[in-house]
Amino acid sequence: MTRRTVLAAGGGLAMWAAKVTTADVVVYGATPGGIAAAVAAARLGRTVVLCALEDHIGGIVSNGLTNADIGKRQAVGGFFYEFTRRVVKYYEEMDKGNPARPNVKLCRDGYWYEANAAEKIFHQMIGEQGGRITLLLGKELKRARVRGGRLVEIEAGGVTLRGAAFVDATYEGDLAAMAGVPFRTGREGRAEYNEPHAGKIYMKFRGTELLPGSTGEADNATQGYCFRFHVTNVPAYRVPIEKPANYNRADYVATLEDIRAGRATKFRDVIQVYAMPNGRFELNSDHVHPNTGAPSESLDLTEDIWEWPTATPAKRKQLYERVRTHNVGLIWLLQNDAEVPEKIREDARQWGWHKEEWVANGHVPRQVYVRQGRRILGEYVLTERDGDIDAAMGRAKVQPTSIAVIEWEFDPHGHHKYDPKHPGVREGYFYVSHEPFQVPYGVLVPRKVDGLLVPVACSCSHVAYNALRMEPVFMALGEACGIAAHVAQQQGVPLRRVPVREVQALLVERRGVITFDEDLPFGDAAFAAFQYLGARGLGKGYKTLRGAPVTRADGAERLSRILGFEGKPFKAPGGDGAAVLRGSELAAWLRGAGYKATGGEGELDLTGFATAVYAALRPAG
């Protein structure tokens with residue numbers, strides 16, 4: 001090779017695979033975030049290769065995490081909201097002719113679904129793109145080539161993939177790491193970003209007090225992983241749960257002690273159970289409940305999985321088997337162990353694997369729930385402090401390059417096994433509420449390496465990541481990556497120099513959320529205007545108040561904030577500040593600031609104000 005080249009993969013220059021595929025966008029990782037990136041780019045006319053190590057698509061969503069972790073549903077729209085609409089249609093078709101519509105009800109407006117249903121819908125969305133998406137599965141990433149500081153091609157499973165833009169949508173950030181992007185694992189210390197909940201910590205679930213032992217020290221511990229099994233209690237579909245070959249009763253000492261002490265008296269005192277459509281129930285690890293002090297342990301496996309984020313695929317297969325043995329073994333214990341009271345065993349034995357789910361994998365998920373892998377260091381590091389409330393605005397600070405919103409609690413799971421010296425808690429596990437806050441574009445953009453965006457293993461502190469790490473948000477960030485890849489090629493600029501306002505305009509016009517307002521429906525005619533301007537300080541608090549009249553003083557204050565974020569100082573002409581602002585006057589203000597604008601004599605409410613300002617400011621591209 002005559003050009004200056006870095007071959008990142010562990011070992012000097014090597015012969016690249018003979019088969020070469022070129023696309024506008026190459027996405028590695030067929031997680032929901034990767035699928036969203038691929039579909040978003042394809043819908044804008046780009047050719048895409050969606051490549052993955054696994055032999056299936058959908059990540060953990062097609063492997064059991066099927067009740068969407070989203071509390072405030074107005075916080076994520078776009079691709080994810082479209083996905084939920086398709087879920088509703090899927091179950092409407094299933095329930096056709098049944099007036100009770102049981103599955104439509106259980107899907108909870110499309111936010112809960114079967115794993116196989118999610119996978120089918122993802123395939124449907126990919127297949128609708130007119131052949132612009134090439135799907136390559138079962139391809140292990142082997143090399144990443146960086147030339148002149150820019151990622152230009154990768155080798156995966158014997159195929160060389162070249163692209164104008166790359167997206168690493170793996171849970172672990174494997175492509176970014178292979179390309180030489182700096183990253184972190186584990187936890188920062190409390191002092192690094194002045195985060196109250198960073199580092200080693202003991203807290204009651206939903207508590208506010210740091211308990212003894214909370215040193216705030218940094219470490220390389222990773223929170224627990226588990227499976228999101230789907231089970232059934234319908235005999236015709238129930239497959240017995242067998243004792244794992246490497247079953248180790250010592251794994252469940254804390255659970256047996258909970259049972260002896262009377263803290264656990266039924267299956268649901270140890271493992272969470274959620275009713276899903278079509279006779280399925282999803283299982284999840286449970287936290288320690290402050291009122292009972294149980295379960296001390298659940299499905300989460302800690303410590304044994306700490307090396308997962310940076311492990312090889314071969315090592316991860318071994319860790320997968322360890323988590324599988326541990327998780328299946330806990331259920332088997334509750335169903336069969338002689339020390340477990342018969343009442344609990346009888347309750348537990350109602351459950352079995354569903355015979356129609358993951359048939360080729362023994363009816364258990366093909367992937368472990370990797371709650372956190374690597375976190376890249378990007379142009380912006382999101383921290384717990386980004387959720388602080390700006391007193392002047394009555395909401396978290398305005399991020400003018402916002403491309404998504406976080407609303408889920410700061411929710412890391414335990415990092416160490418249960419320690420009886422700290423009863424009623426697991427080290428590292430807390431659940432702390434906050435107001436919704438915006439995610440700036442810079443979290444996607446890695447330091448040092450161009451040509452790459454990272455929507456899943458993105459740039460966050462440990463604490464912030466544990467509010468962001470929900471699949472709806474990964475889909476929102478993936479959609480932003482697909483749009484950004486398109487805009488970068490359209491404008492002929494690197495991904496880190498993309499005009500983010502153009503990405504934002506395309507996002508919000510697809511009902512993507514970059515500003516949280518609790519009173520703004522996805523179908524509102526002014527949705528895009530309120531979203532776009534919300535990233536420029538349009539409103540205070542978390543309500544648009546879109547039907548309220550706008551006075552001259554109020555309009556001038558809002559426009560001054562908006563144009564300030566655009567780098568254009570504005571001072572309204574004098575006059576009666578209490579008078580209701582008219583469209584013609586607002587148009588004159590906008591023209592004075594250098595924008596094209598027209599407006600009638602009618603009085604403006606906030607919807608009219610936002611619509612007019614957005615029409616003037618919206619990027620022409």
Taking Arg510 first and then Glu82, would you say they form a salt bridge - that is, a charged N and a carboxylate O separated by under 4.0 Å?
no
If only atom types and distance count, is the side chain of Arg108 paired as donor or acceptor with the main-chain N or O of Leu106 below 3.5 Å?
yes
Selection residues 432-471 - residue pairs positive for ring pair (Phe, Tyr, Trp, His ring centres under 6.0 Å), sequence neighbours left out
Phe410-His434, His415-His462, His434-Phe437
For Arg558, I'd like to know if atom CZ has over 12 heavy atoms of other residues, nucleotides or ligands within 6.0 Å.
yes
Stepwise side-chain contact (heavy atoms from CB on, under 4.5 Å) check, Leu538 with Ile562:
CA-CA 6 Å; Leu538 169 65; Ile562 292 165; 3.9 Å; yes
Between Asp388 and Arg395, does the salt bridge (Lys or Arg N to Asp or Glu O under 4.0 Å) criterion hold? Intermediate values first, please.
CA-CA 8 Å; Asp388 290 352; Arg395 64 187 298 149; over 6 Å; no
With a sphere of 6.0 Å drawn around NZ of Lys568, does it hold more than 12 non-hydrogen atoms of other residues, nucleotides or ligands?
yes
Relative to the ring of His416, is the ring of Trp306 parallel (under 30°), tilted (30 to 60°) or perpendicular (over 60°)?
perpendicular
Polar side chain donor-acceptor pair, Tyr418 to Glu297, under 3.5 angstrom:
no
With sequence neighbours excluded, residues passing side-chain contact (heavy atoms from CB on, under 4.5 Å) with Pro436:
Lys72, Val405, Glu407, Phe516, Tyr542
Would you say Ser459 and Arg447 make side-chain contact, with heavy atoms under 4.5 Å?
no
Return the set of residues passing ring-ring contact (aromatic ring centres under 6.0 Å, His included) with His486 (not counting sequence neighbours), or none when no residue passes.
none
Where is the tightest heavy-atom contact between Val498 and Ala488, given as atom of each residue plus distance?
CG2-CB, 3.5 Å
Worked check of ring pair (Phe, Tyr, Trp, His ring centres under 6.0 Å) between Tyr614 and Phe530
CA-CA 8 Å; Tyr614 179 59; Phe530 278 108; over 10 Å; no
Is any side-chain heavy atom of Val432 closer than 4.5 Å to one of Met203?
yes
Are the side chains of His287 and Val425 in contact, using a 4.5 Å heavy-atom criterion?
no
Val370 side chain reached by Ile60 side chain, heavy atoms, under 4.5 Å
no
Does the ring center of Tyr171 lie less than 6.0 Å from the ring center of Tyr369?
no
When you measure from the centre of the six-membered ring of Tyr81, is the NZ or CZ of Arg511 under 6.0 Å away and within 45° of the axis?
no
Is any NZ, NE, NH1 or NH2 atom of the basic residue among Glu172 and Arg374 found under 4.0 Å from an Asp or Glu carboxylate oxygen of the other?
no
Going by atom types alone, do Asp419 and Tyr202 pair a side-chain donor with an acceptor below 3.5 Å?
no
Determine, for Arg618 against Glu509, whether the closest basic-nitrogen to carboxylate-oxygen distance falls under 4.0 angstrom.
yes
Quick one, Leu617 and Leu533 - any side-chain contact, counting heavy atoms below 4.5 Å?
yes
With a 4.0 Å cut-off on N to O distance, would you call Asp517 and Arg546 a salt bridge?
no
Give the intermediate values and the outcome of side-chain contact (heavy atoms from CB on, under 4.5 Å) for residues Val613 and Tyr595.
CA-CA 9 Å; Val613 175; Tyr595 295 97; over 6 Å; no
So do the side chains of Asn67 and Glu282 get within less than 4.5 Å of each other, counting heavy atoms only?
yes
Salt bridge (Lys or Arg N to Asp or Glu O under 4.0 Å) between Asp576 and Arg552, worked out:
CA-CA 7 Å; Asp576 182 4; Arg552 293 182 77 255; over 6 Å; no
Would you call Thr222 and Trp308 a side-chain contact if the rule is heavy atoms closer than 4.5 Å?
no
Sub-4.5 Å side-chain heavy-atom contact between Val503 and Ile403:
yes
One thing to verify: whether Glu427 and Arg187 come together as a salt bridge, which I'm taking to mean a side-chain N less than 4.0 angstrom from a carboxylate O.
yes
Can a side-chain donor-acceptor contact be found between Asp168 and Thr170 if the only test is distance below 3.5 angstrom?
yes
